[in-house]
Amino acid sequence: MEIKGKSVEELEEVASKIRERIIDVVSRKGGHFSSTLGAVELTLGMHYVFDVNSDPFIFDVSHQCYAHKLLTNRWEEFETIRQFGGLCGFTKPNESNADYFVAGHSSTSISLAVGAAKSIKLKNQDRVPVVMIGDGSMSAGMVYEALNELGDLKLPVVIILNDNEMSIAKPIGAISKYLSKILAGKFYQSFKARVDKFIRNNMPEGTTYLAKRLESSIKLITPGILFEEMGIDYIGPIDGHDIEEIIDTLNIAKSMQKPVIVHAKTVKGKGYKIAEGQHEHWHGVGPFNVEDGEFIKKSTQKSATSVYSYSLLNLAKKYENVVGVTAAMPSGTGVDKLIEAYPNRFWDVAIAEQHAVTSMAAMAKEGFKPFVTIYSTFLQRGFDQIIHDVSIMNLPVVFAMDRAGIVGNDGETHQGAFDINFLRFIPNMILFAPRDNETLENSLEFAYTLSSPCAIRYPRGSFKELDFKATNFELGKAELLKDGNSNKLFIGYGNGVSKAIDVEKLHEEDIAILDLRFIKPIDKNILKTLSDKYDSWYVFSDSQKQGGVASAIMEALSELEITNINIKSFEYEDSFIEHGDTTKVEESLGLLAKQLVLLVDK
C-alpha cells in the first residue's frame, strides 16, 4: 500500500481501516492484539518517512507488526495470520522482503540495527535502520549492551520506543516535550556544534566545564537523560497516535544522521475500547466476540499451566522456603497467583531470563527452594546461567518449563523443542517429566526434595486423562505401565506417554508401555530387564530427536553393552517447526497417532 504523499487526514483514514482489519481477523482467528493495535500510527509514520524497500525495518519481538504486514501487500493474505500454511504472526523474511529479520523473542532489535548500521557504513550506502521496540523489551540487558556500542559508534539508527505501559521517567509536561524536540532540531544541533567548537578552541578549561554543566542542567528536565549519557540522542515523549507529530519527529530523527531514540507514548489496544489500557490479558488472544469482548472458549479441561499453578501454590503454603520467579509471563505461566498470594516470595523480573536464573541461584545458596517458571523457548536465553550459576555449584533450583513441545500458532521461534537437548548434557542436572495432571502435582513435591538442580517439562494446553494411576516419583526410576505379548516396547517421556498409549490402542498387537519418567538419570536397570523380553523399541516424546530421548536410551544401552535392540524415534526431525494449529502441525510432521501406527511395523 502506497502512503507516501498522503495527507494527515488520509493517513488517519488508513489507520482506521487497518484497525478494522486487525480487529476483524484477530477476533475470528486469534493472535497478538493490544500491542499491535497500539502501534498502528507509529508504523504508518515509519513507512511514510523511511523506505521499507531500502531501510531495514526492525521490529522487536515483532508481535506488533500486523499493521506493517497490511501495508506491505498482505492485506488479503492477512486472513491466514498464524494459521497453518498462512502468514506468520511475526516478521519473516521468506514471507516478504519488507520483513528484515526473523523475530519472536524480545530485545534483539537494537543489536540487529547496530549490525545493519555497521554494514551500511562499510558498503557506503545511504540507508538508515529504524527500530520499533516496546518498553517491556527495554528490561532486558541485551538492549543496553547494544545501546552502549551504538552510543560509542554514533552510527545513524532511529529507535522508536513504543511506551505503552510504563514511563522510563516522568516527563515535565509540555515544556519537556517542546525542549527535547528543540534540542534535537537542526538549528539547535548546528548551534551546539558551533558553540562546542568555539569553546574547545578559544576558552579555558573551566569555561568548558561550566558550559557542559549548563547543557546538562537543561537536559535534566527531560526524561531522556539515561540515553543521552549513553551517547544516544533523545526526542520525546511524543503522542504515538498523532500522525502529524510522528512524521515531523521521525523526519528530524532521520536527518540527524546519528543514533536517536524517539520516545512515543501509546495506548495498548487503541481503537478497541475493551482492550485499551489492558496489558497481558489482551496481549495475545484467542477468538472473541467483537461486540462484548467475550472469549470463545474451546476447552473446559484444566490446562497443565493451571495445574502447575495450583500445585505450586499449595507447596508454597506448606513450605515457607519455597520462592519463585518468572520473566514477563506471570499469567501465562500461572505464577500470577503466587505473586498475588506471596508478593515477598514470588517475582516477575520482566524480560530478564538470565537475571531470573542467577538471582534464584543465590536464593538457593541461602537455603531457599526456588522455582524458575519460564516457557521452554525462553529458558534458552538463560542457558549460560543454568550452567555457570546453578549447575557448577549444584544448587537445588527447579526449572519448570511450560509450553514444552509444539506450541502451535507462534511458530518456530516459540516451539519448545530443545530443552531436553540443551539441558541433558549439563552435569548435576536432573531431568524428569510428568505424563498427566496428577503426576505433574507429584513432580513438584518430588522436586522440592532434591538437593540438585532439576528441570520439569509440561505442554501447552491440557494433558490427556489417562487410565493409569499416578504414583510418586523415585529418583531415576521409570514405570512400566503395562506388559505386552509382542516383541515391541513403546517408551514415552512426559506428554509422549499419552501418544504411546494412543498408538498402542490403534495397533492390533498387545504392546508393552514404559513411562521413562527420568531422562537423567535414566533407569538403566529397567532398560536392561526389558531388553531381555522386547527387542523393538519405539520412542515417543515432544522434543528434538538429535540429543533427545532416544539418544539417551541408546547411550545407556551402549554402556550396558546391549546390542540386540532396534530403536525407532518418533521425536522431531532436524528442522525448525512451522506455525499453525497443533494438530495440523503434527499431521504435517507425520506425528499423529493414526500416522505413527502405520510406521511401527516398518
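The figures that follow rest on heavy atoms only: side chains count, while hydrogens, waters and symmetry mates do not. These numbers were taken from a predicted model, which means no experiment stands behind them.
Looking at heavy atoms from C-beta onward, Leu155 lies out of side-chain contact with Val114 at the 4.5 angstrom threshold. At least one side-chain heavy atom of Lys118 sits less than 4.5 Å from a side-chain heavy atom of Glu149. The side-chain heavy atoms of Arg19 and Leu37, taken from C-beta on, include a pair separated by under 4.5 Å. Taking the side chain as every heavy atom from C-beta outward, Asp419 and Phe399 never approach each other to under 4.5 Å. A heavy-atom distance below 4.5 Å is not found between the side chains of Thr413 and Phe576. Proximity of Asp581 to Gln83: side-chain heavy atoms (C-beta onward) are nowhere separated by under 4.5 Å. No side-chain heavy atom of His241 sits less than 4.5 Å from a side-chain heavy atom of Glu12. Here the side chains of Leu147 and Ile159 are in contact, with some heavy-atom distance below 4.5 Å.
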**Request:** Output, in order, the C-alpha distance, side-chain angles, deciding distance and verdict of side chain to side chain contact (heavy atoms under 4.5 Å, CB included) for Phe463 and Asn495.
**Result:** CA-CA 7 Å; Phe463 279 112; Asn495 201 36; 3.6 Å; yes

**Request:** Output, in order, the C-alpha distance, side-chain angles, deciding distance and verdict of salt bridge (charged side-chain N to carboxylate O under 4.0 Å, His left out) for Glu276 and Lys273.
**Result:** CA-CA 5 Å; Glu276 284 186 6; Lys273 284 290 183 185; 3.6 Å; yes

**Message:** For a side chain to side chain contact (heavy atoms under 4.5 Å, CB included) check, start with the C-alpha distance between Ile18 and Thr43, then their side-chain angles and the critical distance, and finish with the verdict.
**Reply:** CA-CA 11 Å; Ile18 287 173; Thr43 306; over 6 Å; no

**Request:** Carefully, step by step, assess Val128 and Gln257 under the rule side chain to side chain contact (heavy atoms under 4.5 Å, CB included).
**Result:** CA-CA 8 Å; Val128 180; Gln257 288 296 300; 4.2 Å; yes

**Message:** Could you walk me through whether Tyr100 and Asp55 satisfy the side chain to side chain contact (heavy atoms under 4.5 Å, CB included) test, starting with their C-alpha distance in whole Å, then the side-chain angles of each, then the deciding distance to 0.1 Å, before giving a yes or no?
**Reply:** CA-CA 9 Å; Tyr100 182 73; Asp55 299 322; over 6 Å; no

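Taken to the nearest 0.5 Å, the CG atom of Leu70 stands 11.0 Å off from the CD atom of Glu77. Atom CZ of Phe418 and atom CD of Gln380 lie 6.5 Å apart (nearest 0.5 Å). For the atom pair CE of Met132 and CG of Asp60, the computed distance is 11.0 Å after rounding to the nearest 0.5 Å. Taking CG of Leu250 as the start and CD1 of Ile238 as the end, the distance is 6.5 Å to the nearest 0.5 Å. Taking OG of Ser62 as the reference point, atom NE2 of His68 lies at 9.0 Å (rounded to 0.5 Å). Rounding to the nearest 0.5 Å places CG of Leu42 at 5.5 Å from CG of Asn162.
Arg82 contributes no side-chain N or O that, together with a main-chain N or O of Gly89, makes up a donor-acceptor pair within less than 3.5 Å. The closest donor-acceptor contact from the side chain of Gln415 to the backbone of Val407 lies under 3.5 Å. Using a distance-only test at 3.5 Å, with no hydrogens or angles considered, a donor-acceptor pair links the side chain of Tyr144 to the main chain of Met138. Of the possible donor and acceptor atoms, none in the side chain of Ser376 sits under 3.5 Å from a partner among the backbone N and O of Arg403. For the pair Thr333 (side chain) and Met329 (backbone), a donor-acceptor distance under 3.5 Å is present. Ser588 places a side-chain N or O within 3.5 Å of a backbone atom of Val585 that can act as its donor or acceptor partner. In this structure a side-chain-to-backbone donor-acceptor pair under 3.5 Å is missing from Thr36 to Phe33. Of the possible polar contacts, none joining the Thr80 side chain to the Gly86 backbone as a donor-acceptor pair under 3.5 Å is found. Under a 3.5 Å cut-off, the side chain of Arg457 and the backbone N or O of Met401 do not form any donor-acceptor pair. Checking side-chain atoms of Asp99 against main-chain N and O of Lys92 turns up a donor-acceptor pair under 3.5 Å.
In terms of heavy atoms, Arg381 sits closest to Ser107 at NH2-CB, 4.1 Å. Residues Ala98 and Val52 come closest through the heavy atom pair CB-CG2, 3.9 Å. The shortest non-hydrogen separation linking Phe422 to Phe383 is O-CE1, 3.3 Å. Ala304 approaches Pro459 most closely through the heavy-atom pair CB-O, 3.6 Å. The shortest non-hydrogen separation linking Gly5 to Tyr48 is N-CE1, 3.5 Å. Shortest non-hydrogen contact noted between Cys88 and Ile81 is O-CD1, 3.2 Å.
Ring centers of Phe90 and His579: at least 6.0 Å apart, outside the cut-off. Ring to ring, Phe78 and Tyr66 are close: their centroids are under 6.0 angstrom apart. A distance of 6.0 Å or more separates the ring centres of Tyr308 and Phe371.
Between Asn409 and His414, the side chains place no donor N or O within less than 3.5 Å of an acceptor N or O (distance only, hydrogens not considered). Side-chain atoms of His263 and Tyr234 form a donor-acceptor pair, as typed in the model, at a separation below 3.5 Å. Under the 3.5 Å distance criterion, with hydrogens and angles disregarded, a donor-acceptor pair is assigned to the side chains of Thr305 and Asp402. Residues His105 and Thr377 bring a donor and an acceptor atom of their side chains to less than 3.5 Å of each other.
Taking a cutoff of 4.0 Å between a charged side-chain nitrogen and a carboxylate oxygen, Glu578 and Lys584 do not qualify as a salt bridge. A salt bridge links Glu95 with Arg74; the closest basic N to acidic carboxylate O contact falls under 4.0 Å.
Around atom CD of Glu244, no more than 12 heavy atoms belonging to other residues, nucleotides or ligands sit under 6.0 Å away. Sparse packing is recorded around CZ of Phe101, with 12 or fewer heavy atoms of other residues, nucleotides or ligands lying under 6.0 Å away. With a 6.0 Å radius and a threshold of 12 heavy atoms from other residues, nucleotides or ligands, Asn251 has its CG atom above the threshold. Within a 6.0 Å sphere centred on CG of Asp126, heavy atoms belonging to other residues, nucleotides or ligands number 12 at most. Applying the 6.0 Å contact sphere to CD of Glu340 captures no more than 12 heavy atoms from other residues, nucleotides or ligands. Within a 6.0 Å radius of CZ in Phe295, other residues, nucleotides and ligands contribute more than 12 heavy atoms. Heavy atoms from other residues, nucleotides or ligands lying under 6.0 Å from NZ of Lys154 number more than 12. Within 6.0 Å of atom NZ in Lys4, more than 12 heavy atoms from other residues, nucleotides or ligands are found, so the atom counts as buried in its surroundings.
Taking the six-membered ring where the residue is Trp, Tyr375 and Phe378 present parallel rings, their angle staying beneath 30° rather than reaching 60°.
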